[in-house]
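Below is one structure, written out as structure tokens; comments come after it.
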Protein chains: 2
Amino acid sequence: MRDSDATMIRSLPLFHDMADDSFEELVRGAYVQSFPPMVDLLIEGDSSDFLHIVIDGTVELTAGWNEGETTMTVLREGATFILAAVVRDAPNLMSARTLEKSKVIMLPAEDVRRVFEQDHAFARAVVRELAFCYRGVIKCVKGLKLRTSLERLANYLLKWQKKLGGDACFTLPVEKRRLASILGMTPENLSRAIKALRPYGVVVTGLNVEITKPDDLKQLAKPTPLIDDTRS
Amino acid sequence: MRDSDATMIRSLPLFHDMADDSFEELVRGAYVQSFPPMVDLLIEGDSSDFLHIVIDGTVELTAGWNEGETTMTVLREGATFILAAVVRDAPNLMSARTLEKSKVIMLPAEDVRRVFEQDHAFARAVVRELAFCYRGVIKCVKGLKLRTSLERLANYLLKWQKKLGGDACFTLPVEKRRLASILGMTPENLSRAIKALRPYGVVVTGLNVEITKPDDLKQLAKPTPLIDDTRS
DNA sequence: CCTTTCGTTTGACATATATCAATCAGGGAT
DNA sequence: ATCCCTGATTGATATATGTCAAACGAAAGG
């Protein structure tokens, strides 16, 4: 592993506070790999031998059942995945594949578990990370059960607008059919939902979004930190 | 706190392996309370000052948005709740209320965090518990996004049949309108879904369920451990 | 025992969402 | 530049699910 990669993951909350030698021990056995787009990294149901960290690019987590597949989330630089499966030594509940050319660090699950035993700061960070992920999924369930697809879309747009700096114009971070899957609808329906948001000041051209009447959109979306806040 | 209560929670995975004095420290500041049915224990959005443990009875976790409310889960003896919020010192994402007369232990969040710092076995148990909860919610999302309400009901019935011993006859653990909310549908729709399962050998009388053709039902439900397995 | 209440069920209807097929548009590759 | 491929859109239609109102039934209280 390059120094720059080590520095990068060292700065992540999960690894930031741990002892130097614990970090060394983790990094020693790590693999760094670059993958082209659309490569499967993990298959749902397989055992989880490595904790994965996205260094660069984007990775999609999906789940399937009975011919169907849905996108659970899309991960970017700094995100870790299948921590829960590694901790419990249980099969992956989701598949993972690269969307773009991506660089991923893989830490052997054994090492993670061993260092976890030794280093209390790391243990605490793992707890915080898992609690964070848990709360993220809870919010996802709340959105699915309490909101219509139009409302989910409206809140998604507001969330990303804020995340990307708050400008009236911004670019969608994923292609539309994946966005549809994330929001739990079909691509056709997303198309129609986008049109339905036009009266609320939403103009979408390709992946570009402009929100001209944020107050009107918020009145429809009714965002709340208890569902839409990414941190906390 | 009575000895019997202490013994009970000591036997839970979360507290089983911790040091005796850590456990003492936790129990020292604990409150044990009995509540009548339909009492609010927590309100969504409030800060989380106590880790809660259900000793007896049933507690419902709900979430609301814009006039609507949905049941996220129903907890029974031995279940802990809002661990994630306590760990992150963040607002509750769900409300909690008793369904039956219930006994609940409340451990001050401060104590939990402090003992967590000192006792590595406890820290590990917290990690395992959080990972377990996380995986439970992920399965919930998969069910919501990949299955119809009929399929969710069919799998719910099979899951509880197995959990209650595998007999052809068993009793639903919650009233129907709550079951509807858990499954993400309306009570009216649940009624119709139950009727729709009759050709698959499902006879429901009040809260009593009989599954006469389990193979037929399984063919419809297509259960998979990656969604329907409660443990792991 | 009756009454009241609340949860359930049923039917009619409205809405939301998915499906299918066809067309359209943009980005690479040749 | 042209072609081809893939994703996006549109329209027509089907299905799933929610809503409203009414009727029903079981359990609790007087």
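Residue numbers start from 1 in every chain, and the chains themselves are labelled A, B, ... in the order their sequence lines are given, proteins ahead of strands.
Not a single donor-acceptor pair under 3.5 Å links the side chain of B:Lys222 to the backbone N or O of B:Glu151. When atom types are taken as modelled, the side chain of B:Lys213 and the backbone of B:Pro199 share a donor-acceptor pair closer than 3.5 angstrom. With B:Thr71 contributing its side chain and B:Ile182 its backbone, the two residues share no donor-acceptor pair below 3.5 Å.
Atom CG of B:Leu190 is separated from atom P of D:dT17 by 12 Å (rounded to the nearest Å). Between the CG atom of A:Leu144 and the P atom of C:dA16 there is a distance of 17 Å, given to the nearest Å. Here C:dC20 presents its P atom at 13 Å from CZ of A:Arg192, a figure rounded to the nearest Å.
Contact annotation for A:Glu188: base contact, defined as any heavy-atom pair under 4.0 Å involving a base atom. Looking at heavy-atom distances under 4.0 Å, A:Gly184 makes contact with sugar-phosphate atoms alone, never a base.
In this structure, the nucleotide among C:dT8, C:dT10, D:dG7 sitting nearest to the side chain of A:Arg177 is D:dG7. For A:Lys195, the side-chain atoms get nearest to D:dT10 when compared with the rest of C:dT17, D:dT10, C:dT8. Side-chain atoms of A:Lys176 lie closest to D:dA8 of the nucleotides C:dT9, C:dA18, D:dA8. With C:dT10, C:dT17, D:dG7 as the candidates, the nucleotide lying closest to the side chain of A:Thr148 is C:dT17.
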Audit row: B:Ser48, B:Asn92, side chain to side chain contact (heavy atoms under 4.5 Å, CB included) steps and yes/no: CA-CA 6 Å; B:Ser48 43; B:Asn92 303 318; 3.1 Å; yes
Chi angles and distances behind the side chain to side chain contact (heavy atoms under 4.5 Å, CB included) call for B:Leu83, A:Tyr134: CA-CA 10 Å; B:Leu83 179 54; A:Tyr134 170 79; over 6 Å; no
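Distances shorter than 4.0 Å separate some side-chain N or O of A:Thr186 from OP1 or OP2 on C:dA18. OP1 or OP2 of D:dG18 lies within a sub-4.0 Å distance of a side-chain N or O belonging to B:Asn189. For C:dT17, the OP1/OP2 oxygens have a side-chain nitrogen or oxygen of A:Ser149 closer than 4.0 Å.
Between B:Pro108 and B:Tyr31 the shortest heavy-atom distance is CG-CE1, 4.4 Å.
You won't find any donor-acceptor pair under 3.5 Å spanning the side chain of A:Arg178 and the base of D:dG7, going by distance alone.
For the helix from C:dC1-D:dG30 to C:dT30-D:dA1, the rotation axes defined at the first and last 5 base pairs enclose an angle of 30°, given to the nearest 10°.
Between A:Asp228 and A:Arg147 a salt bridge is recorded (basic side-chain N to carboxylate O distance below 4.0 Å).
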